[in-house]
Number of protein chains: 2
Amino acid sequence: MARPRCFDEQQALRSALEVFWAKGYNAASMTDLLDATRLSKSSLYASFGSKQALVVEAMRCYAEQLMDGPLAALGRPDASRAEIEEALRATAAVARTEAGQRGCFINNCLTEIAPHDAEVMAAASAAIRQLEAALLAAVRRGQQQGAITTGEPPEALARFLVNTLSGLNLAAKSKPTAERLDDIVRVALRALD
Amino acid sequence: MARPRCFDEQQALRSALEVFWAKGYNAASMTDLLDATRLSKSSLYASFGSKQALVVEAMRCYAEQLMDGPLAALGRPDASRAEIEEALRATAAVARTEAGQRGCFINNCLTEIAPHDAEVMAAASAAIRQLEAALLAAVRRGQQQGAITTGEPPEALARFLVNTLSGLNLAAKSKPTAERLDDIVRVALRALD
DNA sequence: CTGATTCTGGACTGACCGGTCCATAATTGG
DNA sequence: CCAATTATGGACCGGTCAGTCCAGAATCAG
């Protein structure tokens, strides 16, 4: 009875994410988004409602692909110190690439738009909370195994690690050398001893 | 012979900085800047040339007031471990305030505009380099005094500390609790032991 | 083939953008 | 008071912004 949708909403979302990620929210025009998604204006507005709603969806999409990418190790149920180290190193490795210079999309949104948009703030906070929870579980396991100091509560160590990851992603913006990133990761890991 | 300038360029710059800092570069319109500086469009363009040139000057202005504010301790010629701790704590203290939720202006610019503007990138890099140099000097002194580990080169520790400060300023965006910030500072300082 | 329904392209809107320009007001030295 | 010089306000510019809307193409069930 009805004509079926002839485009993949998830695929469009991924394309929109690329645009927002590369250009930032304000600098990404609807024209840019239309070109990237290959959707008509009507279709895009019918599917997502507004530019703001679209970026919020893009943030969720990004958070998912983060946990499947450089932070995948942290998602494993037996994640411990080795997986924390792996996550830090993978983040540093991405930061060296050209694409990595876009930084963390969540942090970009937190910086540019969250202060003036409650929904974006909520989405960013949720993503950060999720990362912290994963780190917390890994820290606890590491402490139980004696691989991580028990001189600090696991919550404190997890918060510190979130902070270090944020910093690495920000550092990525200014074309850091591999040595610089390695220094940061190595010294940060000292805090777990 | 000539009519003297009847406004304070530095004062106008500080006002412009407030606008850019609170709203972000793209979201700050010339109208906003004109209202805040109380200048006419002609005067502002005659003094600074363009919105982009204005933000670059604002970045320099911010970098100065940073070294006179929370990072003042690091500027002292005898700065050592205590001054590093003081800088971290002062940054955390600012992050708790409402004004602190604007984060670090340099990092905001690095995130929003530096990727697409070479001059902004240069200004941001210069500011970060300056901070790192101050930290490096303090780390070296701390190592000589035996207050900081010599198990890592001072450059690595300085880079790590820059990273931690960046992270704290980013964390400021999401209304962090005092406890959370204290955790980050305390754990980061472990890495110096 | 037909009628119902939904998707699609693009014209269109009013507002605002950063930036230019000029006539005028203000202040100077003489 | 005058001539020279500069700051100033505001009109104005073309372009772009996010978002609306509609006529028509595409796809369905029967």
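Remember, predicted model here, so these are calculated numbers, not experimental data. Just so it is clear: chains get the letters A, B, ... in the order the sequence lines come, proteins before strands, and each one is counted from 1.
Remark: C1' of D/dG14 and CE of B/M30 are 17 Å apart, rounded to the nearest angstrom. Atom CG in A/D117 sits roughly 15 Å away from atom P in D/dA18 (whole-Å rounding). Distance, B/D32 CG to C/dC17 P: 7 Å, rounded to whole Å. Protein atom CG of A/L54 is 16 Å distant from nucleotide atom C1' of D/dC17, rounded to whole Å. Whole-Å rounding puts the A/L34 CG to C/dT8 P distance at 12 Å. Protein atom CG of B/D35 is 12 Å distant from nucleotide atom P of D/dG9, rounded to whole Å. Whole-Å rounding puts the B/Y45 OH to D/dA7 P distance at 17 Å. Distance CG (B/L39) to P (C/dG18): 16 Å, rounded to an integer number of Å.
With A/L161 as reference, A/V139 is the one residue of A/V139, A/L131, A/L136 to meet the side chain to side chain contact (heavy atoms under 4.5 Å, CB included) rule.
Between D/dT8 and B/S42, no contact under 4.0 Å exists linking OP1 or OP2 to a side-chain N or O. Within the structure, every side-chain polar atom (N or O) of B/S43 is placed at least 4.0 Å from both OP1 and OP2 of D/dA7.
Heavy atoms of B/A27 sit nowhere under 4.0 angstrom from any nucleic acid atom.
The base of D/dG10 is not paired with the side chain of B/K41 by any donor and acceptor separated by under 3.5 Å. Not a single donor-acceptor pair, N or O on each side, falls under 3.5 Å between the base of D/dG19 and the side chain of A/K51. With hydrogens and angles left out, the side chain of A/S40 and the base of C/dG10 share no donor-acceptor pair within 3.5 Å.
In A/E64, the CD atom is not crowded: 12 or fewer heavy atoms of neighbouring residues, nucleotides or ligands sit closer than 6.0 Å. Residue A/Q145 places its CD atom among more than 12 non-hydrogen atoms of other residues, nucleotides or ligands, all under 6.0 Å distant.
Using a 4.5 Å heavy-atom threshold, the side chains of A/L135 and A/R159 count as separate.
Here CZ of A/R96 is found 9.0 Å from OG1 of A/T177. Values are rounded to the nearest 0.5 Å.
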